[in-house]
A.B. asks: 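So that we are looking at the same thing, I have put the structure below in structure tokens.
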Amino acid sequence: MAMDAKIGRFFDAVGSFFSGGENIPWCDRDVIAGCEREVAEAATEEHEKQSIMRLSWALVHSRNQDDVLRGIGMLQASLLGATTSPLQAREKLYLLAVGHYRNGDYPRSRQFVDQCLEIQPDCRQTLALKKIVEDKIAKDGVIGIGIATTAIGVLIGIAAAVARKN
């Protein structure tokens, strides 16, 4: 598939997310490689910062766990480094929320979502992610309750069988 077609599919997924779709877009290896080249070829410090931000975005949207972890690390380092505007901080916090969501750390993801909403309470992108994260936390909670209930039932069954033998 041509690079243009892959980039087109990628931006379609992003558009779907912003229009209310429940899927966070994925980013493939070709886009990440292009972002890495852009960082390496950046002519000015400002262009390099922008390129690193795009690379971080691509990494946390990757299907590859190592890419996601790398993106989280880059974003955390950039938050600790230079001072950023509230808009830049919100964007970095949002991407950290996406990265932690992709890693399955939903409570940490929700913390970053809440920090984003402190900066910009009406951000549709962040509000959509918050719903996705909270739905996932609720679903996992229901599954956990089901597993715990099943385990208790098994233990009661074993205890009853042992009691009958005696």
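Keep in mind the model is a prediction, meaning the values are calculated, not measured.
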A.B. asks: Should Asp105 and Pro107 count as side-chain neighbours, where that means a heavy-atom distance under 4.5 Å?
C.D. replies: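 A side-chain contact exists here, since the closest heavy-atom pair is under 4.5 Å.
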
A.B. asks: So, using side-chain hydrogen bond (donor to acceptor under 3.5 Å, both in side chains) as the criterion, who are the partners of Gln111 when residues are at least two apart?
C.D. replies: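 Residues passing side-chain hydrogen bond (donor to acceptor under 3.5 Å, both in side chains) with Gln111: Arg108.
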
A.B. asks: I need the minimum non-hydrogen distance between Ser62 and Asp67, along with the two atoms involved.
C.D. replies: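 Heavy atoms only, the tightest pair is OG-OD2, 2.9 Å.
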
A.B. asks: Taking 4.0 angstrom as the limit, do Asp135 and Lys139 come out as a salt bridge?
C.D. replies: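 Between Lys139 and Asp135 there is no salt bridge, as every charged N stays at least 4.0 Å from the carboxylate O atoms.
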
A.B. asks: Arg90 and Cys123: which non-hydrogen atoms are nearest, and at how many Å?
C.D. replies: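 Looks like NH1-SG, 3.4 Å.
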
A.B. asks: So, taking the atom named CG in Leu117 and the one named CD in Gln115, what distance separates them when rounded to the nearest 0.5 Å?
C.D. replies: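 Going from the CG atom of Leu117 to the CD atom of Gln115 covers 10.5 Å.
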
A.B. asks: For residues Glu91 and Gln125, determine if any side-chain heavy atom of one lies less than 4.5 Å from a side-chain heavy atom of the other.
C.D. replies: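 The answer is yes, as the side chains (C-beta and beyond) meet within the 4.5 Å cut-off.
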
A.B. asks: Output the distance between atom CD (Glu134) and atom CG (Leu129), rounded to the nearest 0.5 Å.
C.D. replies: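 CG of Leu129 is found 10.0 Å from CD of Glu134.
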
A.B. asks: Test Lys92 against Phe112 for side-chain contact (heavy atoms from CB on, under 4.5 Å), laying out the working first.
C.D. replies: CA-CA 9 Å; Lys92 290 174 183 180; Phe112 284 114; over 6 Å; no

A.B. asks: With a cutoff of under 4.5 Å between side-chain heavy atoms, which Ile, Leu, Val, Met, Phe, Trp and Tyr residues group with Ile32?
C.D. replies: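 Ile32 clusters with Val39, Ile52, Leu55, Leu59, Met74.
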
A.B. asks: Start with the C-alpha gap between Met53 and Leu95, add the side-chain angles, then the distance that decides, and say whether side-chain contact (heavy atoms from CB on, under 4.5 Å) holds.
C.D. replies: CA-CA 10 Å; Met53 192 65 189; Leu95 292 175; 3.5 Å; yes

A.B. asks: Would you give the length of the straight line joining atom OH of Tyr101 to atom CD1 of Ile137, rounded to the nearest 0.5 angstrom?
C.D. replies: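 With rounding to 0.5 Å, OH (Tyr101) is 10.0 Å from CD1 (Ile137).
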
A.B. asks: Restricting to side-chain hydrogen bond (donor to acceptor under 3.5 Å, both in side chains), what partner residues turn up for Arg54, sequence neighbours left out?
C.D. replies: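 side-chain hydrogen bond (donor to acceptor under 3.5 Å, both in side chains) check on Arg54 returns Glu38.
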
A.B. asks: Taking all atoms of both residues into account, what is the closest heavy-atom pair of Glu36 and Arg70, and its distance?
C.D. replies: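 That closest heavy-atom pairing would be OE2-NH1, 2.8 Å.
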
A.B. asks: Are any non-hydrogen side-chain atoms of Thr126 and Ile119 less than 4.5 angstrom apart?
C.D. replies: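 Contact flag for Thr126/Ile119 side chains = no.
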
A.B. asks: Answer yes or no: is there a side-chain heavy-atom contact under 4.5 Å between Ile24 and Arg102?
C.D. replies: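 Yes; the side chains approach each other to less than 4.5 Å.
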
A.B. asks: Is there a donor-acceptor contact under 3.5 Å from the side chain of Asp66 to the main chain of Leu69?
C.D. replies: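 Answer holds: no.
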
A.B. asks: What I'd like to find out is whether the side chain of Asn64 reaches to under 4.5 Å of the side chain of Arg29, using heavy atoms alone.
C.D. replies: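 When only atoms from C-beta onward are counted, Arg29 and Asn64 do not touch, as no gap falls below 4.5 Å.
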
A.B. asks: Of all the heavy-atom pairs spanning Cys35 and Ala58, show the shortest one and how long it is.
C.D. replies: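 Shortest heavy-atom contact: SG-CB, 4.2 Å.
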
A.B. asks: Identify whether Leu96 and Leu87 are in the same connected component of the hydrophobic contact network (ILVMFWY, side-chain heavy atoms under 4.5 Å).
C.D. replies: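 In one cluster: no.
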
